[in-house]
Every structure is written in structure tokens, then in C-alpha cells.
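For the numbers below, each heavy atom of this structure counts, side chains included, while hydrogens, waters and symmetry mates do not.
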Amino acid sequence: MAVKKIGISRDLIIHPGETIAGVLEDRGITQAELLLRTGVSSSYVSNVIAGKKGISANFAMGLEYALGVPKSFWLNLQANYEAELLELDEEQTITEEEQEKI
């Protein structure tokens, strides 16, 4: 009998940095220009875009100013990303026996 897989694949969980990268590309804005507009360090911007760091409240405010996209959007995007990772981690700790009872 085939086992039904539930939940989301790690490949489908998108870090908010990818969204920022897409917006920058669409608008023809460089990372260097973004860091000047947001007032954060180049390493921080690079790490967020690379998916190594999350979007802080301060950076979300800077993104709102720099890109005209509300800070609430960026903070929600980050919160949803973190929630999806938690859900994925939880799914991976469920045993087969527990899975059968779901």
C-alpha cells in the first residue's frame, strides 16, 4: 500500500529574500542601491537575499521606504516562512504510527 505524503515540500518553501531579489530585478534596483535606501549593511542585505537571515522589523521599514511595499507585507512574509519551516520540522518528527492516526 502506498503511503500518502502530507504537508509541504522544503523545495516549495520560499525565503522572503527571493521575493526581495525578484522585486529588485523587476525594478532595476541593485543591492547596493537598496542598502543605501534602507540604511542597513551590505552583508545584511546579501544574507537576507541569500536566505541566510530573516527580515527584521527595521529592515521591513526600510523596504517600505525604499520599495513602497508596506512593512506589514515583509513582516508577514517572514512570519509565514518561519511558520512553514516549523510545520515541516514537525512533520518530519511524526512517526509512521502517529501518521496512520491522522
Side-chain angles (χ1 to χ4, degrees):
M1 180 167 134
V3 176
K4 182 180 175 187
K5 176 112 171 118
I6 63 167
I8 190 167
S9 165
R10 176 66 176 102
D11 296 335
L12 298 176
I13 300 175
I14 299 171
H15 188 277
E18 290 185 48
T19 303
I20 295 171
V23 171
L24 294 180
E25 185 178 334
D26 290 347
R27 297 183 183 189
I29 299 172
T30 64
Q31 285 187 32
E33 189 175 345
L34 180 66
L35 72 95
L36 290 174
R37 291 183 183 187
T38 59
V40 298
S41 72
S42 61
S43 63
Y44 180 76
V45 171
S46 294
N47 283 327
V48 170
I49 289 175
K52 296 177 182 175
K53 289 207 178 249
I55 296 174
S56 68
N58 184 51
F59 189 42
M61 288 190 300
L63 289 170
E64 179 175 53
Y65 169 76
L67 303 174
V69 178
K71 66 182 175 197
S72 59
F73 171 81
W74 299 111
L75 293 173
N76 285 331
L77 198 62
Q78 183 66 44
N80 289 337
Y81 171 76
E82 291 170 6
E84 289 173 348
L85 287 180
L86 285 173
E87 183 179 324
L88 180 66
D89 288 344
E90 184 176 288
E91 286 175 8
Q92 293 176 349
T93 63
I94 297 173
T95 65
E96 285 183 33
E97 180 181 312
E98 292 170 327
Q99 191 69 32
E100 290 173 6
K101 293 179 181 181
I102 295 179

### Task
Could you list who else is in M61's hydrophobic cluster, with ILVMFWY side chains joined at under 4.5 Å, directly or through other members?
none
### Query
At what distance, to the nearest 0.5 angstrom, does CG of L77 lie from CD1 of I20?
8.0 Å
### Query
Checking side chain to side chain contact (heavy atoms under 4.5 Å, CB included) for the pair L24/L67: CA distance, chi angles, key distance, verdict?
CA-CA 9 Å; L24 294 180; L67 303 174; 4.2 Å; yes
### Query
How long is the gap from CG on N80 to CD on E87, to the nearest 0.5 Å?
11.0 Å
### Task
State the CG-CD distance between L36 and Q31, to the nearest 0.5 angstrom.
12.0 Å
#### Entry: Within-4.5 Å side-chain heavy-atom neighbours: I13 and Y81
yes
### Message
Going by side chain to side chain contact (heavy atoms under 4.5 Å, CB included), name the residues that satisfy it together with A60, two or more places apart in sequence or in a different chain.
### Response
I55, K71, W74, L75
### Task
Starting at NE2 of H15, measure out to CD of E84 and round the result to the nearest 0.5 Å.
12.0 Å
### Task
Would you please test L34 and L63 for side chain to side chain contact (heavy atoms under 4.5 Å, CB included) and show each step?
CA-CA 8 Å; L34 180 66; L63 289 170; 3.9 Å; yes
### Task
Of all the heavy-atom pairs spanning R37 and Y65, show the shortest one and how long it is.
O-CD2, 3.4 Å
### Summary
ring-ring contact (aromatic ring centres under 6.0 Å, His included) filter on F73, not counting sequence neighbours, yields none
### Query
Roughly how far apart are S43 OG and K52 NZ, rounded to 0.5 Å?
10.5 Å
### Task
State, to 0.1 Å, how close V48 and G54 come at their nearest heavy-atom pair, and which atoms those are.
CG2-O, 3.6 Å
### Task
Could you tell me which non-hydrogen atom of E64 sits nearest to which non-hydrogen atom of P70, and how far apart they are?
OE2-CA, 3.4 Å
